2 protein chains.
Amino acid sequence: MRISELSVVSGVPVPTVKFYLREGLLAAGDARAVNQAEYGDEHLRRLRLIRALTDVGGLRLREVRAVLAAIDDELMPLHDLLGVAQYALVRGGPNESHPPADDSGGATSDVDRLLAEMGWHVNAAAPSRRSLAQAIFTLRELRWDVSIDDLVRYARAVDDLAAEEVATVPDHGSRSQIVEHMVVGTVIFEAVLTALRRLAQEHHSARRFAKRPRLANDARR
Amino acid sequence: MRISELSVVSGVPVPTVKFYLREGLLAAGDARAVNQAEYGDEHLRRLRLIRALTDVGGLRLREVRAVLAAIDDELMPLHDLLGVAQYALVRGGPNESHPPADDSGGATSDVDRLLAEMGWHVNAAAPSRRSLAQAIFTLRELRWDVSIDDLVRYARAVDDLAAEEVATVPDHGSRSQIVEHMVVGTVIFEAVLTALRRLAQEHHSARRFAKRPRLANDARR
DNA sequence: TGACACAGATAGTAGCACTATCTACAGTAT
DNA sequence: ATACTGTAGATAGTGCTACTATCTGTGTCA
């Protein structure tokens with residue numbers, strides 16, 4: 001497969017493919033001559049993964065790069081991989097410098113209490129701890145009271161889901177397949193979950209706030 | 001309150017506050033003289049909301065503007081507001097032009113089937129429909145089979161949550177309070193849910209993949 | 001009265017994700 | 001042999017976003 005064909009089947013413009021090559025997101029093709037290279041299925045697959053992570057997952061290329069590096073790092077233990085993927089994912093990673101966010105409301109300790117309540121054992125440095133604390137802090141700043149019980153309710157809802165997701169990671173197959181499964185599961189199913197929550201909200205919101213329930217096929221806006 | 005004080009208590013630099021004023025995200029202060037204006041609590045509150053939406057919710061300013069406009073539009077029916085908020089939220093709104101994404105896998109009709117299965121009545125033009133279909137399509141492109149049953153499992157997990165969220169929207173208080181509640185609930189709790197899912201994943205992943213399970217005196221539920 | 005803060009305006013910056021163009025060469029069609 | 005198209009690799013430029021800097025004229029307050 002030459003670069004133009006790769007471009008056509010993936011839907012990614014040739015200059016962009018070249019850009020990804022330069023950026024090291026995509027391995028170079030098999031050079032046949034000084035101006036000819038051959039690309040295979042693994043290139044197509046990687047390209048699709050990159051676009052899935054950016055378009056659906058909303059990752060930036062820097063984050064995609066970190067995830068791909070973790071996928072390709074044969075030495076990285078499997079149980080570290082999720083952490084790396086998540087670290088790459090969290091909004092406001094090493095770049096966006098959130099201020100230490102004076103935690104006078106005790107959002108951080110609320111997170112600790114929640115984890116204890118749920119029996120979740122999570123690395124103290126897990127970036128999601130900080131995101132969660134930040135979100136709770138922000139809610140309180142907007143005068144929204146969030147109790148541990150509220151959080152527990154949310155936590156229970158995702159607990160089974162997460163357990164099942166982890167359980168469905170295959171234990172056979174090549175390492176790269178397993179790893180890709182975990183990453184895709186983390187990133188893309190997040191989009192799925194978000195979309196579903198919004199659909200559910202719209203349904204319940206319509207039932208509560210709509211004056212007369214419409215014929216249900218009303219395309220407004 | 002003068003602009004410098006507003007800046008200090010909100011943690012937003014003065015030039016940025018000025019920028020928001022220019023952009024119409026923040027109402028002008030009460031002018032006392034040609035170079036003096038007074039800002040009140042509502043300015044602080046609005047400023048905090050802007051930062052919450054951008055920092056925690058990950059919205060762009062254009063989207064924030066749309067949400068704020070909806071909040072301030074006294075004529076907009078309450079049950080349309082969630083839609084507007086969501087429309088502003090969806091990745092790839094009017095700007096990022098996703099291709100129609102040749103839906104040969106039938107992701108769109110799967111979404112329809114799922115909605116029927118759940119009994120959810122959702123506007124045909126709801127942007128979340130498209131996001132969900134896009135995510136499903138992407139998963140299948142990555143050779144991940146997603147069944148309706150899988151989706152239903154996810155949907156059930158968020159159904160109760162969404163119902164409760166909608167139920168806790170107060171029916172008293174000023175319109176702007178109600179509206180702000182809905183927006184904050186949609187946007188910020190999404191961040192909460194995401195963080196919780198990742199924490200749960202990390203816990204379950206550690207239990208499965210860590211070589212030696214730790215002392216593990218964790219009574220789950 | 002003199003240092004300082006402020007409003008409003010214009011201009012500049014940094015980061016991101018591409019996109020365009022150029023050169024030199026290679027394969028293919030005629 | 002010659003023209004044409006495609007390609008690798010390099011450098012430079014674009015469009016967008018979210019600020020950030022600086023300037024001017026003015027007002028406040030010690």
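Quick caveat: nothing in here was measured; it's all calculated off a predicted structure.
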Could you check whether A/H203 and B/D159, counting side-chain N and O atoms only, form a donor-acceptor pair closer than 3.5 Å?
no
Interatomic distance, [X] [atom1] vs [N] [atom2] [rounded to whole Å]:
X	N	atom1	atom2	result
B/L61	C/dG15	CG	C1'	15 Å
A/E38	D/dA8	CD	C1'	14 Å
B/D30	C/dA7	CG	P	12 Å
A/L21	C/dT19	CG	C1'	15 Å
B/E5	C/dA7	CD	P	12 Å
B/L6	C/dA5	CG	P	16 Å
A/E23	D/dT11	CD	C1'	14 Å
A/R65	C/dC16	CZ	C1'	11 Å

What's A/A31 touching, base or sugar-phosphate or nothing? Going by heavy atoms closer than 4.0 Å.
nothing
Decide if atom CZ of B/R2 counts as having more than 12 heavy atoms of other residues, nucleotides or ligands within a radius under 6.0 Å.
no
Within 6.0 angstrom of B/R143 CZ, more than 12 heavy atoms from elsewhere
no
Side chain to side chain donor-acceptor pair (under 3.5 Å) assessment of A/Y20 paired with A/R51
CA-CA 11 Å; A/Y20 290 162; A/R51 297 305 275 217; 2.8 Å; yes
Heavy-atom check, side chain of A/R46 versus side chain of A/L68, under 4.5 Å
yes
With a 4.0 Å cutoff (strictly under), does any side-chain N or O of [X] reach OP1 or OP2 of [N]?
X	N	result
B/Y20	D/dA18	no
A/Y39	D/dA8	yes
B/R62	D/dT17	yes
B/T16	D/dT20	yes
B/T54	D/dA18	no

Tell me which nucleotide among [options] gets nearest to the side chain of [X].
X	options	result
A/F19	C/dC18, D/dT7, D/dT20	C/dC18
A/I3	D/dA8, C/dC16, C/dC18	D/dA8
A/A37	C/dA7, D/dA8, C/dC16	D/dA8
B/S4	D/dC19, C/dA5, C/dC16	C/dA5

Run the salt bridge (charged side-chain N to carboxylate O under 4.0 Å, His left out) test on A/R48 and A/D55 for me, step by step, so that the C-alpha distance in whole Å, both residues' side-chain angles and the decisive distance to 0.1 Å come before the verdict.
CA-CA 10 Å; A/R48 284 196 172 131; A/D55 293 351; over 6 Å; no
Annotated protein contacts, base or backbone, on nucleotides 23-30 of chain D with a non-hydrogen cut-off under 4.0 Å, one of B, S, - each
--BBB---
Could you pull out the closest heavy-atom pair between B/M1 and B/V9, with the gap in Å?
SD-CG2, 4.3 Å
Parallel, tilted or perpendicular, as decided by the 30° and 60° cut-offs, for the rings of A/F189 and B/Y154
parallel
Distance-only donor-acceptor test (3.5 Å): side chain B/R22, base D/dT20:
yes
